[in-house]
Amino acid sequence: MDNSFFEISAAARKIGEKAMEITRPCFERIDEITEYNQLKMLRAFQDARVSESLFSGSTGYGYDDRGREALDRIFAQVLDTEDALVRHHFASGTHTLTVALFGVLRPGDTMLSVTGVPYDTLQGVIGIGKSYSGSLKDFGIKYEQAELLADGGIDYDGIRAALRPDTKMVYIQRSRGYSLRPSLLAGDLEKISTLVRGIAPDCIIMLDNCYGEFVEKDAPGKYVDLMAGSLIKNPGGGIAPTGGYIAGRADLVEKCAFRLTTPGTGKEIGCTLGHSRELFMGAFHAPHVTGEAVKTAVFAAAVFGLLGYNVTPGYDEIRGDIIQAVLLGNEERLIRFCQGIQSASPIDSFVSPEPWDMPGYDSKVIMAAGAFTLGSSIELSADAPLREPYAVWMQGGLNFHSGKTAVLLAADNMSR
Ligand SMILES: *Cc1c(COP(=O)(O)O)cnc(C)c1O
């Protein structure tokens with residue numbers, strides 16, 4: 001590895017070389033997935049007949065915005081769904097998921113989470129823990145939860161016991177989020193889907209697909225009725241400046257569009273301003289960039305595994321998301337890890353992250369983020385709450401070459 005621009009100790013370089021060696025078969029597998037998804041994306045662009053004229057954007061109501069329609073078609077095609085709603089109007093992943101939930105759930109309905117407690121920011125939306133005015137609970141939507149097994153696996157018997165013929169929605173979170181459970185693979189989605197459809201054929205199977213896009217060949221559209229994700233994660237390719245997508249059955253996507261804009265106008269309005277080109281370009285890059293992020297995660301798993309730390313997933317485990325957790329064991333190492341990652345960022349490399357009291361957390365949190373887009377986590381980033389088991393969660397990396405250097409600088413910074 002070239003040492004001309006960054007000072008990496010001989011010891012770290014040696015570990016890096018060993019990590020490259022043992023991950024070779026994993027990288028070959030990632031390349032194969034990336035190529036498949038990249039060509040699927042290219043095919044979708046051509047089938048949607050994308051031309052430069054679609055980038056011009058619209059203002060005001062945004063009627064007849066052909067670029068917007070083409071991007072919806074592209075997302076539907078690559079995610080194997082009937083329809084999609086891809087909009088810069090979604091302010092965050094949580095907002096996108098919220099629109100999907102409010103779009104299809106009605107008072108008296110029951111939503112059943114089958115992957116334990118949902119991602120932190122969704123809890124206030126549902127009305128568990130903190131209950132905000134306007135939460136699903138406030139609108140009379142009931143919530144139930146099937147826990148995961150002790151090892152983080154899916155409890156199929158538990159789902160069978162909790163599911164009733166009239167359960168309106170089964171909710172699945174694919175990514176581990178900030179937990180230590182494994183991410184779900186397409187095969188898990190298929191098993192859940194078969195189980196649910198056998199008991200409650202009309203139940204809507206909804207997927208929080210954040211961090212899962214393009215990590216596997218098999219897209220989730222075959223197994224779920226509706227899914228949502230954020231464009232400042234995998235499917236924005238590091239280029240989309242904001243936004244989200246909802247994809248799934250056409251009748252459900254329409255309901256979500258009615259919620260995002262108005263009942264009646266739905267997908268017909270919502271001007272794209274000047275953002276279409278960035279969203280197209282981001283989508284086109286997304287499969288490749290996701291592959292680079294997965295490589296960065298695999299390399300980090302190998303390096304820190306070789307250094308004797310517990311990592312999850314292991315470098316050679318099959319992944320359903322781009323997140324890598326490393327159990328560092330104490331506070332000082334968490335801080336040094338995050339400072340090492342930050343020092344390798346293209347943006348704000350000269351600042352040093354410090355632990356702070358983040359609202360909503362019961363312990364201090366440290367974060368490394370040197371991103372072009374505020375909060376983007378397809379760009380290399382790391383977060384760690386300063387509490388047991390002193391784990392850091394890292395994700396992203398627009399290209400493996402800089403991701404690799406960041407991992408080695410983090411390792412080096414810990415041994416200093
Ligand atoms: C990121 C994420 C969200 C929420 O997205 P925000 O953009 O942070 O609001 C929800 N679920 C999962 C699994 C996520 O990773």
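Whatever order the structure lists them in is the order used to number ligands and atoms, beginning at 1. Because only heavy atoms are used, hydrogens play no part in the values below, and waters and symmetry mates are left out as well, while side chains stay in.
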L97 near ligand 1 by a heavy-atom separation under 4.0 Å: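 So L97 counts as touching ligand 1.
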Whether R174 lies under 4.0 Å from ligand 1, heavy atom: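 No heavy atom of R174 comes that close to ligand 1.
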Protein heavy-atom partner closest to atom 7 (O) of ligand 1 - residue, atom, separation in Å: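 I find the closest protein heavy atom is G93 N, 2.8 Å.
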Closest contact, heavy atoms only, P118 versus I128: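 Minimum heavy-atom contact is CD-CD1, 4.1 Å.
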Considering all heavy atoms, the nearest C26-Y315 contact: SG-O, 3.7 Å
Sub-4.0 Å atoms of ligand 1 with respect to non-hydrogen atoms of T94: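 Answer, ordered by atom number: 4 (C), 5 (O), 6 (P), 9 (O).
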Distance filter under 4.0 Å to Y211 heavy atoms, resulting ligand 1 atoms: 15 (O)
Is the closest N or O pair between [X] and ligand 1 shorter than 3.5 Å?
X	value
G177	no
D208	yes
K233	yes

Salt-bridge present (R164, E144; N to O < 4.0 Å): yes
Salt-bridge criterion met for K267 and E69 (N-O under 4.0 Å):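 No, this pair does not count.
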Greater than 12 external heavy atoms within 6.0 Å of H285's NE2: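 No, NE2 of H285 has 12 or fewer neighbouring heavy atoms, counting only those of other groups under 6.0 Å.
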Worked verdict on Y171 versus Q173 for side chain to side chain donor-acceptor pair (under 3.5 Å): CA-CA 7 Å; Y171 182 87; Q173 180 183 309; 5.5 Å; no
